Amino acid sequence: MDLEIHPHDISWWFWFVTFLFIVAALLGYENGYSTVIVISAIQVFYFWLKEKSFAAFPTQIRIVYFLYTLFGLWDEVRFILFIILLIGTIMVTFFGRCSIALVLKNMPWNKERKARLN
């Protein structure tokens, strides 16, 4: 698996900044959790505007990720949830692999659609 870093791509920066705030949250920065939620909401909005559809595959990925971050509002599961988010965000940020995309591409409404991260 090769390292994939794309600083020229705004979507890469969304993931990288999200990664940084997940790490900060896990290290004790309490506002990191809410910042991750806000960044994820901004990604949904950005990709909805860019793709002009909530049904577009990149927008679907961001919606699922955002909904997942909302579980972080539940204190009892926040830490373990953000560890899982950290692993997934590392994979998408540094290796271009997205577990959410792998699941979504197998959904019935996406069977005929090309799976893409951006």
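These numbers come from the heavy atoms of this one structure, side chains and all, not from hydrogens, waters or symmetry mates. Since the structure is predicted, the reported quantities are computational estimates derived from the model, not experimental observations.
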When you measure from the side chain of [X] to the backbone of [Y], do you find a donor-acceptor pair of N or O atoms at a distance under 3.5 Å?
X   : Y   : answer
T18 : F14 : yes
T69 : V36 : no
T89 : L86 : no

So, for [X] and [Y], which heavy atoms are closest and what is the spacing to 0.1 Å?
X   : Y    : answer
F57 : A101 : CZ-O, 3.5 Å
Q60 : A55  : NE2-O, 2.6 Å
S11 : F47  : CB-CZ, 3.6 Å
G96 : E4   : CA-OE1, 4.0 Å

Kindly indicate, with the supporting measurements, whether the criterion side chain to side chain contact (heavy atoms under 4.5 Å, CB included) is fulfilled by N31 and F21.
CA-CA 9 Å; N31 289 334; F21 278 100; over 6 Å; no
[atom2] on [Y] to [atom1] on [X], rounded to 0.5 Å:
X    : Y   : atom1 : atom2 : result
E51  : R62 : CD    : CZ    : 8.5 Å
W13  : L20 : CH2   : CG    : 8.5 Å
I100 : M91 : CD1   : CE    : 13.0 Å
I22  : S40 : CD1   : OG    : 7.5 Å

With a 4.5 Å limit on heavy-atom distance, are the side chains of L85 and F82 in contact?
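In short, these two side chains touch, coming nearer than 4.5 Å.
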Would you say that K111 contacts N106 through its side chain, given a criterion of any heavy-atom pair below 4.5 Å between the two side chains?
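With C-beta onward as the side chain, the pair touches.
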Chi angles and distances behind the side chain to side chain contact (heavy atoms under 4.5 Å, CB included) call for L73, I37
CA-CA 9 Å; L73 296 172; I37 293 169; 3.7 Å; yes
Given W12, which partner from the list V17, V92, T93 fulfils the side-chain contact (heavy atoms from CB on, under 4.5 Å) test?
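For W12, the side-chain contact (heavy atoms from CB on, under 4.5 Å) check succeeds only for T93.
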Do the side chains of [X] and [Y] join up, straight or via other hydrophobic residues, at under 4.5 Å, putting them in one cluster?
X    : Y    : answer
I61  : Y68  : yes
I63  : Y65  : no
L104 : I84  : yes
W48  : W109 : no
L3   : I87  : yes

Charged tip of R78 within 45° of Y33 ring normal and under 6.0 Å
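R78 over Y33 ring: yes.
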Can you tell me how the ring of F19 sits relative to the ring of F94, calling it parallel under 30°, perpendicular over 60° and tilted otherwise?
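Aromatic pair F19/F94 classed perpendicular.
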Plane angle bin for H8 and H6 - parallel if under 30°, tilted between 30 and 60°, otherwise perpendicular:
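Aromatic pair H6/H8 classed perpendicular.
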As a quick check of understanding, evaluate side chain to side chain contact (heavy atoms under 4.5 Å, CB included) for I10 and Y46, giving each step before the final call.
CA-CA 10 Å; I10 190 168; Y46 173 82; 3.2 Å; yes
Using a cut-off of 6.0 Å, state whether more than 12 heavy atoms not belonging to F95 lie near its atom CZ.
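Correct, the count exceeds 12.
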